[in-house]
Each structure stands twice: as C-alpha cells, then as structure tokens.
Asks: 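The structure under discussion is supplied below as structure tokens; questions concerning it will follow.
The first residue in the sequence is number 1, and the count goes up from there. Reckoned from all heavy atoms, side chains included, excluding hydrogens, waters and symmetry mates. What you see is a predicted model, and the numbers here were worked out from it, not measured in a lab.
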Amino acid sequence: MRGGPANPPPHRRRRAPWRSPALLAALIGVALALLCGLERTRLEIGWVDALERASLDQRFRWRGPVPPTGEVVIVAIDDATLERRPELYQRRAGTAALVRAIAAAGPAAIGVDQVYIDPEEVLSPGLTRRIKGHVEKNMFSEAGAKGQADSLLQEVARELMGDAELAAAVAAAGNVALAIHLTQESSDGRPLPEAATLRHGRYGQQDARSPPIRTAEAGLVSLPELVAGARALGGITVEEERDRAVRAIPAAWGVGEAAYAPLAVQLVALREGLGRAELAFLGGESSLQIGPRRVPLGDHEAVVLNFRGDAGTFTTVSAVDVVEGRVGDVLRGKIVLLGVTYFGHDVVRTPFARDLPGVELQATAVDTILAGDPLVRSSALTDALFTLASGLLVSLLFVAALRAGPLLRIAGVVAVVGLDVAAASLAFTRAHLWLALVWPLLAAVVAGSAALAAAYAGEALQRARLRRTFSNYLGAEVLDELLADPKALGLGGARRELTVLFSDIRDFTSVAERLSPEDLVALLNTFLTPMTQEVMSRAGYLDKYIGDAVMAVFGAPVARADHAERGLATALAMHAALARLQPSLRQFGVEQLQIGVGINTGEMVVGNMGSAERFDYTVCGDAVNLASRLEGLTKTYGVFCLVGAGTRAAAPASYRFREVDLVRVKGKGQPAAIFELLAGPGGAVAEYAALDRWTAALAAFRAGEFLKARAEWLAFQAENPDDPVVRLHLARLAGLGDTAPPDWDGVAVFHHK
C-alpha cells in the first residue's frame, strides 16, 4: 500500500500509557488507596481527617435520631431549679438533699457530673472555723437548754457543714459514682492525691504491655470526704477535635501504673453489680471489658459514641421536681445522671447539636455501652481497598471497549460516588462501622476528573490527527462526520460491504515518454485535481494515487448504505470532467486523453493496515482485487467503465448496463460476470442499438451455440459498427470454429493483470 495516510505507530502509543484514560484512572485509584493506608497508619493529613469526621456527622444526620435504651435518666439542674430552689445547686446541703431524694427513688446507679474541688465557703474561712469550734466546744459537751443565741449558732454551724452533709448523703446512697477530671496539663488542674485515694476509679485489670496512651499528671478531684463515701470515681474529661466537636470519650487515663476508667464505664458496672476486678482495659486488643460486655475502641483508645439525637433525647426530669416528689417511678432501676443543663452552662458540640449539655454527652456514652453499639472504625486495609475499588470502578467507565460517551462517563462517576456514599451509610446504620468515605470519594472524583480530562484531550488530539491525516483524502462534509464519530474508522480492520473504484490513464507510458518531468507532473496535477474532486464531492475516500491511477473507496470510513450508487455516479462524473478537461491538455501536446474505470462492490476488510512503523487506512480483499482487474480489462474490451456483479445488483434502476462477458481473472478461481456502465442520472457514457440481439448472442455463446451467437453478433455489429466489444467476441468465435468443445463454459480466462 503506497501513498496513503499514516498514523503514529501503535507501539509508540503503547509506550505512553498515561494517554489511556482508563489506565490513568486506575493508577490514580491505586495511588490514593496507598495514600489512604498511609494516612490511616502514620501520615497525618489534617484536612482529610476533618472532612472524614464531617462526613461521619453527615451520616448521623442522614440516619436521623434513634430512641435510646430508656435505661438512662437525667436529673437536671435546669432553669426551673435555679428559679424555684437555687439552693439545690448553690449549697452543698441542698445538693445533699437532692442526692438523698434521688437515692430514695431507687435508681440502679447515680452518676454526679460535677466535681466538688474546694470546701464550701458560706462565710470567711476564719469565721467559719471559729463558729464551728465554739459550737463543738460549748454547745454539744454540756447538757441543758440552750439560749436563743446558742440555737442560732447551732443552726449556723449546720449550714457550714454542707460538705459533711453531702458526703454523708453520697455514702448513704451506696451507689454513687463521682466525677474526676484528669489532664496532662498541670495548668488545667491540680496535683492529684495519692493513689490510694483514687483506687475506686481504677480498672481492676489491664494489659501491662499496653498502658493507656493518655497519662494524667494533674486533675480535679472532689473533697476527700466525698471521695471516701463514693462507690466509684469516673473520668469526665472530653477531648474536642479540630472543629471543636466531641465524638468520643477517652477509654482510659494512665496515672502512675494504673489505668482509670471513664464515668460511663463505672456507672454501667454499678448498674450490673460488678466489682472493680471485673473491669479490664485491654489497650493491646483495642477494647475494654465490663463484666461480660466487650466494648470495642476506636482510634486513640476512645469509645466512639453512637449519638441518639439532639438535646432532650434522653428522659430528663428537673431536680426541683425530684426533691418535691413529683417524678413518680421514673428513676427506679435506672442509671441516673445528675448534671447541669441551665442555659449557657457546660455544653459541647456533636453531630446533632451545637450546644448539647455535657451531662447528655455522659448519658450518650452510658447508653452506647448499654446498647452495645459503639462505632468501630474500619481498618486501614479495609479503607484502602474500598478506595481502590472506587478508583477501579471509575477506570472501567473509560475502557475503550465500553465505547461510553462523555455524558455516560459522567453519569457513571456520579453513580460510583453514590455507591460509595450508600456503602458507607449502610455500614454505619447496619453494622455501626465507620467506613472511610472521603478517600473513596476522592478516588472517584479525582480519577474520574483526570480520566475525563485525558479523554477530552485524547479526543481533541485524535480529532486534530484525523483532520490532519484525512483532510487530503476526504471531502469536508465527510471529514466533519468522521470527526463527530471517529469510531467509524474501524481501526484495526473490520469486514464490511463497500464499493471500490479504480481509474487509470490509457497508454500513460507513451504519454509520459513525450513529456519532460516538469510537464509530466503538471499534467498529472491537472488531471488528478478534478478526478479527486469528483470522488470527494460524493463522500468517497481517496485511498491513494498509484502513479496516474486513482483508488477510491465508498462507504468508508463513514458508513453509507448507497455506496454503490455513489461509486457509479463518480464514474459518470469523471467521464464528464475528462471531456471538459480535454482542451486544457493540448498545452501539454496531448490531443486526447482516455481513462478506464473499474468498479466492484463486495465484502472487504477496511481499517489501518501496514507495519508497526507505518500503516495506512485502506481496504483489501478479493472484491478489491477484482475492481483493480476490471479497470485493467477496460483496455481489453475498449470500454470506459466495467463493473462487477455486486455493483450491478446494488445499482438503482436509473442506471443502465450491458453485460459484457463472464471472466476468470488472474488470482480468481471462480468466474465473474462483468458489465459495462452505459448511463445514469449523471449522464451517458455509451449508447447501443438492438441490445436485445446482444443479449441473445451472449446467451447462445455461453450455451455453445456458436452459429446462432455469430449471427446475432453480426446483426448487432451492423447496428453498432464502432463497438469494440462485439469485434472482440466475433474474433474469439473465429478462433473457436462452429462447434463448442466438450468442456465449454463460456468463460474468458485472463492471465495478466
């Protein structure tokens, strides 16, 4: 194949894999999966972590509020309490009365979300000591009636003993867990008391090989007499994340060699009657044990809370109603949390609320443990595989075999994003699994965007390459169609029914011998220009020039159902164009230029063919070879255009033909009927009288009835004395005699091209 359009070699395209959108998307997916694994294990990427936690909050909101277990009740020191009985919060004696009222209601455990660090100071410290000393020395050591002043001093003394009264109430209840605040920063607390004082706050068991990652050097602890009367101590320290939200509670703090439990753990243990020995912190296994309960931990040894809803989700009663006996059996058998909820005090930010009271956060922690549904963070490997799957799914959208358009690919990327969100949401709601969402979304969006950009860039390059490659071989209209649908090229070869046209100048060698090289080139350009225009104007593809010959294909690269008609119309147009061209050829000393045209329609392979270094878009096959042979036979039969049986069968009724012969050309085993193109809507090439005699002669000739054939052809020749075809057949009959040989089949055999 010579002189055809060439594309960049295939092996060079294979050396540039980044030009493949599918491969690019897959590589991005792999890279982001690796980065996800690193970020989950050792590489901190703040903005990714912030987005991931925000996505967790969104999953809570998508899921919506869920009912709590009903085992936790909050006794709130609320606005109503401060308005009607402020002493319940402001005075230790009032708090003692509140604790006694709660204990009388029969709860399973009481958690006090307050720390009483300093002694209550109603009067100045010096005056308080003097009054207490006087009363103890002078009013309780001697029997007898006291005066009004003494009674008043006794009453004052009792008011000054609120700490002792609260301690007595806590001890009497027998199921109170007091809060402690533990911190690593000495500025946020005070030096901790000796370990023995805090023994009720420890886990009974811990893995010595995996001590808590949080260590406390300071803290806030209630007065020793209060601590002594409490059944347990529990940490209430919370850790705000970068966005100032709280999503988990620390599972343990290390103080010396001991591990200390949070308040929620202590309350669950009290409710179920567990001893300290039945509480275990298993940092190495990323869990903690509360009797038979195994509580999984999230990152940084924290219990990731499964929030139930906004503020007010848990059953809440006012402290003043408890003291005044208006709550009935609401507290019986429940874990009761005593805390502050009045406006503007002790609030935290959660997925559902910006101002959740701190006591409700503790209630959420208790309820999460009781329900057994703390969130579990998926492993780094799981997140990485999820990310990889997201990227690879996107890459499949860009596989060339899928032949997806831009809109389908964009819809596919959106679908993958939807699948990522759905998978993460289902894992969250059904399995309480915190599956990474940001990394898979990044993989889908980044891989999809990059692949789309690469696809657009590749298509733009392909369009530019196609325009550059085919602009000299196709008409503008066909080229635009090809650019709109490059798949019409059928790269790599495809079997299709097409029409091929060959044309050649008769006796061009003798013409060339008389001309200088410059004149010869000018003559060829003068001749080929209008011939090429006729091909392109009928949506033909100019396959190549072979010296003075033209090879054109109809029906490719853009498919045309009427390719045979277009080929025939082109032949008629060439005949008319040559007639118009004849006067201008005299400047080259050429009086008359004649051409022959061969056309055939049939199945052939069309596509890019050639070597690894150079290949052409062309056609090949027996149908192509026959078209070339037909062009050569026009010299033998002396006609302008010969067509094959396939073209004759596909031609519209407006075209007229004459069957010329049945031939077996070189390279073909089966005989082929050939036809002369006579006329069509575009004009006439030849006109014959008495065509019925021609048809009768041809039939007799093939039947071996030579006498009848000779008679009919002679009669036809009398009507058409200038017909070269009838002269050829009569000459052939003269050599055969009057009787057909035994193996006669009427086929003319040609051994030359």
Asks: Looking at L397 and G412, what are the two nearest heavy atoms and their distance?
Replies: CD1-C, 3.3 Å
Asks: So do W694 and V726 actually touch side chain to side chain, heavy atoms under 4.5 Å?
Replies: yes
Asks: Side-chain contact, heavy-atom cut-off 4.5 Å: W47 with I45?
Replies: yes
Asks: Identify each donor-acceptor pair in which a side-chain atom of residues 637-648 lies under 3.5 Å from a protein atom, sequence neighbours left out, and give them as a table.
Replies:
unit_1	atom_1	unit_2	atom_2	d
Y637	OH	D661	OD2	2.7
T647	OG1	T601	N	2.9
T647	OG1	T601	OG1	2.7

Asks: Using residues 589-597 as the side-chain source, report each donor-acceptor pair under 3.5 Å to any protein atom, sequence neighbours left out, with the distance given to one decimal.
Replies:
none

Asks: Begin from the C-alpha positions of L633 and V665 and carry the test side chain to side chain contact (heavy atoms under 4.5 Å, CB included) through to its verdict.
Replies: CA-CA 9 Å; L633 288 177; V665 298; 3.9 Å; yes
Asks: Quick one: CD on E631 to CG on L626, what's the gap to the nearest 0.5 Å?
Replies: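 Reported value, rounded in 0.5 Å steps: 12.0 Å.
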Asks: Got D723 and F716 here, is their nearest side-chain heavy-atom distance under 4.5 Å?
Replies: yes
Asks: Among L441, L442, V438, which residue meets the side chain to side chain contact (heavy atoms under 4.5 Å, CB included) test with L51?
Replies: V438
Asks: In Å, rounded to the nearest 0.5 Å, how long is the span from CD of Q670 to CG of L662?
Replies: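 Here the rounded value is 10.0 Å.
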Asks: Got a salt bridge between R538 and E565, using NZ or NE/NH1/NH2 to carboxylate O under 4.0 Å?
Replies: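 Result for this pair is no, no salt bridge flagged.
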Asks: Determine the sole option in R656, R693, E676 for which the side-chain hydrogen bond (donor to acceptor under 3.5 Å, both in side chains) test with Y688 is passed.
Replies: E676
Asks: Under a 3.5 Å distance rule, please check whether N720 uses its side chain to pair with a backbone N or O of A689 as donor and acceptor.
Replies: yes
Asks: Run the numbers on L452 and I410 for side chain to side chain contact (heavy atoms under 4.5 Å, CB included), then give the verdict.
Replies: CA-CA 8 Å; L452 280 170; I410 292 172; 3.7 Å; yes
Asks: Taking NZ, NE, NH1 and NH2 as the nitrogens, is one of them in D738 or R710 under 4.0 Å from a carboxylate oxygen of the other?
Replies: yes
Asks: Is Q582 reaching over with its side chain to a backbone N or O of A579, donor-acceptor style, under 3.5 angstrom?
Replies: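 A pair under 3.5 Å: no.
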Asks: Just so I know, are the side chains of L730 and Q717 near enough to count as touching, which here means a heavy-atom distance under 4.5 Å?
Replies: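 With C-beta onward as the side chain, the pair touches.
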Asks: A side-chain contact here means heavy atoms from C-beta on lying under 4.5 Å apart; do W744 and F706 qualify?
Replies: yes
Asks: Can you name the nearest heavy-atom pair linking P440 to D420, along with the distance?
Replies: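 Closest approach of P440 to D420: O-OD2, 3.3 Å.
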Asks: So which heavy atom on T526 is nearest to which on S584, and how close?
Replies: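 In this case the closest contact between T526 and S584 is CG2-OG, 4.2 Å.
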Asks: Is the count of non-hydrogen atoms from other residues, nucleotides or ligands lying under 6.0 Å from N525 atom CG greater than 12?
Replies: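 Counting neighbours around CG of N525, more than 12 heavy atoms of other residues, nucleotides or ligands fall under 6.0 Å, so yes.
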Asks: Is there side-chain contact between K708 and F701, with heavy atoms separated by less than 4.5 Å?
Replies: no
Asks: Heavy-atom distance under 4.5 Å between the side chains of R560 and R566, does that happen here?
Replies: yes
Asks: Return the minimal non-hydrogen interatomic distance between V535 and A552, and the atom names on each side.
Replies: CG1-CB, 3.6 Å
Asks: Would you confirm whether S628, through its side chain, and V624, through its main-chain N or O, come within 3.5 Å as a donor-acceptor pair?
Replies: no
Asks: Heavy atoms only: give me the nearest L572-G682 pair and the separation to one decimal.
Replies: CD1-N, 4.0 Å
Asks: Nearest 0.5 Å, what's the NE2-CG distance between H729 and L736?
Replies: 11.5 Å
Asks: Indicate yes or no: does R506 engage D548 in a salt bridge with an N to O separation below 4.0 Å.
Replies: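 No salt bridge links R506 with D548.
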Asks: Could you tell me whether the side chain of T570 reaches within less than 4.5 Å of the side chain of F554, counting heavy atoms only?
Replies: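 F554 vs T570: side chains touch.
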Asks: Sub-3.5 Å donor-acceptor pair from the side chain of S510 to the main-chain atoms of D507, do we have one?
Replies: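 Pair found, side chain donor or acceptor close to backbone of D507.
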Asks: Going from OG1 on T634 to CZ on F502, what distance comes out if it is rounded to the nearest 0.5 angstrom?
Replies: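 Rounded to the nearest 0.5 Å, the OG1-CZ separation comes to 12.5 Å.
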Asks: Does the pair E534/R580 count as a salt bridge with the N-to-O cut at 4.0 Å?
Replies: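 Yes.
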Asks: Looking at CD1 of I28 and CG of L35, how far apart are the two atoms once the value is rounded to the nearest 0.5 Å?
Replies: 12.5 Å
Asks: Compare every heavy atom of V606 with every heavy atom of A556, then report the nearest pair and how far apart it is.
Replies: CB-CG2, 4.0 Å
Asks: How far apart are the C-alpha atoms of I599 and L568, what are their side-chain angles, what is the distance that settles it, and do they pass the side chain to side chain contact (heavy atoms under 4.5 Å, CB included) test?
Replies: CA-CA 8 Å; I599 304 175; L568 293 169; 4.0 Å; yes
Asks: Take Y541 and V619 through the side chain to side chain contact (heavy atoms under 4.5 Å, CB included) test and state the conclusion after the steps.
Replies: CA-CA 11 Å; Y541 167 61; V619 291; over 6 Å; no
Asks: Within this structure, what is the OG1-CH2 distance for the pair T387 and W439, rounded to the nearest 0.5 Å?
Replies: 7.5 Å
